[in-house]
Asker: 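Questions regarding the structure given below will be posed in turn.
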Amino acid sequence: MDELNVGLPVLFFKRGDQLIDYLNSNKPSPFLIICDVNLPKMDGFILRERIIKDSSIRQASIPFIFWSGTATKQQVKRAYELSSHGFFIKKTLRKV
């Protein structure tokens, strides 16, 4: 992100509920969400479903990308069924 010189802060959340709380606050919406499939307490798919079901968050139209260490074909299919904007494997940085 530093190399891209985006000029906006990069925020990290360890759990999906922390991101949901942030998105429901009066703080500025992120321009992009990059999410791992494997999160504690709530996996990335459940997080994506919660974002879609929450009309106030969904209306912000924040692009959502999965970025995970591994992925099965089923996981990639599910990601796109949830209207994600991409699925990338961390080590190779290749789009699936």
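Keep in mind it's a predicted model, so treat the numbers as computed, not measured. The chain is numbered in sequence order, starting from 1.
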Asker: Supply the atom-to-atom distance Ser84 OG to Arg78 CZ, rounded to the nearest 0.5 angstrom.
Answerer: 11.0 Å
Asker: Would you check if the distance from the ring center of Tyr22 to the ring center of Phe13 is below 6.0 Å?
Answerer: yes
Asker: In the structure I gave you, are the side-chain heavy atoms of Thr70 and Ile89 within less than 4.5 Å of one another anywhere?
Answerer: no
Asker: Could you tell me if the side chain of Phe64 sits less than 4.5 Å from the side chain of Cys35, heavy atoms only?
Answerer: yes
Asker: Using a 6.0 Å cut-off, check whether atom CD of Glu81 has over 12 heavy atoms from anything other than its own residue.
Answerer: yes
Asker: Quick one: closest heavy-atom pair of Tyr80 and His85, and the distance?
Answerer: CE2-C, 4.5 Å
Asker: Over all heavy atoms of both residues, which pair between Lys14 and Gln18 is shortest? Give the atoms and the distance, please.
Answerer: N-OE1, 3.0 Å
Asker: Does a side-chain heavy-atom distance below 4.5 Å link Met42 with Arg50?
Answerer: yes
Asker: Heavy-atom distance under 4.5 Å between the side chains of Asn38 and Asp43, does that happen here?
Answerer: no
Asker: Quick one: are Phe87 and Val37 in side-chain contact, heavy atoms under 4.5 Å?
Answerer: yes
Asker: Which atom names give the shortest non-hydrogen contact between Phe45 and Leu82, and what distance separates them?
Answerer: O-CD1, 3.7 Å
Asker: Would you say Asn24 and Ser56 make side-chain contact, with heavy atoms under 4.5 Å?
Answerer: yes
Asker: With side chains defined as the heavy atoms from C-beta onward, is the minimum distance between Phe88 and Ile65 less than 4.5 Å?
Answerer: yes
Asker: If you define the side chain from C-beta out and look only at heavy atoms, does anything of Pro30 sit under 4.5 Å from Leu23?
Answerer: yes
